[in-house]
Amino acid sequence: MADVTLRDVARVSGCSVATVSRVLSGTRAVGAETARRVREAADALGYRPNHAARALRGRRTGTVGLVLPQITNPFYPALVRELTHALHAEGRAVLLADCDDDPAAEAEYVADLLSRQVDALVVIPADEDRSRDAVAAAAARVPLVLMDRGCGPGVADSVAVDNTAGMALVLDHLAATGRRRVCFLGAAGTASAAAERRAAYAAGAGALDPGAPERVALGDFSVEWGRAAVDEVWPARPDALVCANDLIAIGALQRLQQLGVAVPGEVAVTGFDDIPMAALSAPGVTTVRQPVAELAAEAARLLGLRLSGADTGRQRSVRLAPDLVVRESSARTGARVPIPAPSLVAVPGGRSEPAPVT
């Protein structure tokens, strides 16, 4: 059977080819009744858009490139899933590249995606400093949103969780449960999430114990480092281990169990991200839950504004509020403790959005 064309849809709907094109591409507003007739005709005929032909005509491919540091980190599959769904709802497909935490490979993937004529990019940078040049160059060519991590100010629109607020939730919880000899197990390097969580711990831990900000051990975001970090810090007998992500926390729990240390009796353990493994571990990990669906939706919204030409102004930096999920690793009863939603600012059109971070 021959492919159904716009002319076929126009004939069945009783509209012009130009009107059918406007309805199905969403390029211009069309009356509700006309749009209904066109869509019903397209559905009845089984019309499917020819994306290759549309790309040739409009210089748009309907694709968005996504570059992330490491798909094996359990936090990222959920984020990719939500972003893919959000972009698909807007008629956009995703091309995925995993740079394996290598800024040089990241730059190559960004260049490759640009050569494939993607309409826009979403990047979770491997390194705040070493990723900056390639990301900034790409942002000068296509709309680009940084998600989860940043590359410093002035590069591109960005959306991430409020890491400082998340760490404050953890420290407040530990203080309320009587912990004082806290220690931070984090990741070295300049990935912005790692640096922000480390800095937030250093800024807030002094309220529990003047020596706490100095009790820091740095490695990477892995289970293996979590195990090794316990051996490094355990001689100081901390009563709480504040881990920069859930993988570190799970590794720490494994090593503490091998040592016969009671959790949470002798030491509490907390994580960050709320990956599925955090709830499945024994004991379950108290952690900061990132609003994954909201992160993806906000990234898609920012891209949509740039792609539509509706937003050509200054770059936006959006931070979304996390939740604290209390589990057995720090308390004997589970609870979910929300923090206040981010402040909203009015924007044209009568809607509100999270206030930009300056």
Side-chain angles (χ1 to χ4, degrees), residues 161 163-188 193-275 277-279 281-290 322-337 339:
V161 73
N163 287 296
T164 300
M167 191 56 62
L169 285 175
V170 169
L171 294 174
D172 288 348
H173 165 69
L174 293 174
T177 56
R179 310 290 177 169
R180 293 296 180 268
R181 299 189 312 279
V182 296
C183 177
F184 182 76
L185 309 183
E196 288 174 8
R197 293 171 194 177
R198 186 166 71 241
Y201 169 83
L208 282 71
D209 172 15
E214 304 302 321
R215 289 196 289 270
V216 173
L218 301 179
D220 57 32
F221 284 127
S222 71
V223 171
E224 293 74 18
W225 163 240
R227 296 192 199 106
V230 168
D231 290 332
E232 184 173 321
V233 304
W234 191 241
R237 290 299 187 270
D239 64 6
L241 299 178
V242 178
C243 302
N245 82 342
D246 291 337
L247 294 177
I248 297 173
I250 290 166
L253 283 175
Q254 292 176 352
R255 183 58 180 148
L256 289 168
Q257 289 170 343
Q258 290 173 347
L259 294 173
V261 178
V263 178
E266 293 180 67
V267 60
V269 177
T270 67
F272 207 112
D273 291 337
D274 196 29
I275 62 174
M277 293 167 61
S281 70
V285 178
T286 290
T287 187
V288 176
R289 175 177 292 162
Q290 294 215 45
D323 290 338
L324 182 67
V325 183
V326 179
R327 298 193 179 101
E328 295 84 1
S329 69
S330 70
R332 299 191 183 280
T333 58
R336 186 171 183 270
V337 184
I339 68 171

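Side chains included, hydrogens not; waters and symmetry mates left out as well; all remaining heavy atoms used.
- The shortest non-hydrogen separation linking V267 to A240 is CG2-N, 3.6 Å.
- In this structure, R289 contributes its side chain and D274 its backbone to no donor-acceptor pair below 3.5 Å.
- Between the side chains of H173 and T286, no donor N or O sits under 3.5 Å from an acceptor N or O.
- Residue P238 comes nearest to C183 through the heavy atom pair CB-CB, 4.0 Å, listed as atom of the first residue, atom of the second, then distance.
- In this structure, the separation between CG on D209 and CD on E214 is 11.0 Å, given to the nearest 0.5 Å.
- Under a 3.5 Å cut-off, the side chain of Y201 and the backbone N or O of A212 do form a donor-acceptor pair.
- Across every non-hydrogen atom of V288 and G166, the tightest pair is CG2-O, 3.4 Å.
- More than 12 heavy-atom neighbours from other residues, nucleotides or ligands sit within 6.0 angstrom of CD on E266.
- Between V285 and S329 the shortest heavy-atom distance is CA-OG, 3.5 Å.
- Between the side chain of W225 and the backbone N or O of L218 there is no donor-acceptor pair closer than 3.5 Å.
- Distance alone, capped at 3.5 Å, is enough to place a donor-acceptor pair between the D246 side chain and the I275 backbone.
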Please lay out, stage by stage, how R197 and V242 fare under the test side-chain contact (heavy atoms from CB on, under 4.5 Å). CA-CA 10 Å; R197 293 171 194 177; V242 178; over 6 Å; no
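- Distance alone, capped at 3.5 Å, is enough to place a donor-acceptor pair between the T287 side chain and the F272 backbone.
- The shortest non-hydrogen separation linking L241 to A252 is CD1-CB, 4.3 Å.
- Note that the CE atom of M167 and the CG atom of D172 stand 11.5 Å from one another [nearest 0.5 Å].
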Would you please test E232 and L185 for side-chain contact (heavy atoms from CB on, under 4.5 Å) and show each step? CA-CA 10 Å; E232 184 173 321; L185 309 183; over 6 Å; no
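- Remark: the backbone N or O of T270 is not paired with any side-chain donor or acceptor of S330 at under 3.5 angstrom.
- R255 places no side-chain N or O within 3.5 Å of a backbone atom of A228 that could act as its donor or acceptor partner.
- Contact between L174 and A268 at its shortest, heavy atoms only, is CD2-CB, 4.1 Å.
- Looking only at distances, a side-chain donor or acceptor of D239 sits under 3.5 Å from a matching main-chain atom of R180.
- For the pair I250 and Q254, the minimum side-chain heavy-atom distance is below 4.5 Å.
- With a 4.5 Å cut-off on side-chain heavy atoms, Q257 and P283 count as touching.
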Decide side-chain contact (heavy atoms from CB on, under 4.5 Å) for R215 and R181; before the verdict, give the C-alpha distance in whole Å, the side-chain angles of both, and the deciding distance to 0.1 Å. CA-CA 9 Å; R215 289 196 289 270; R181 299 189 312 279; 4.1 Å; yes
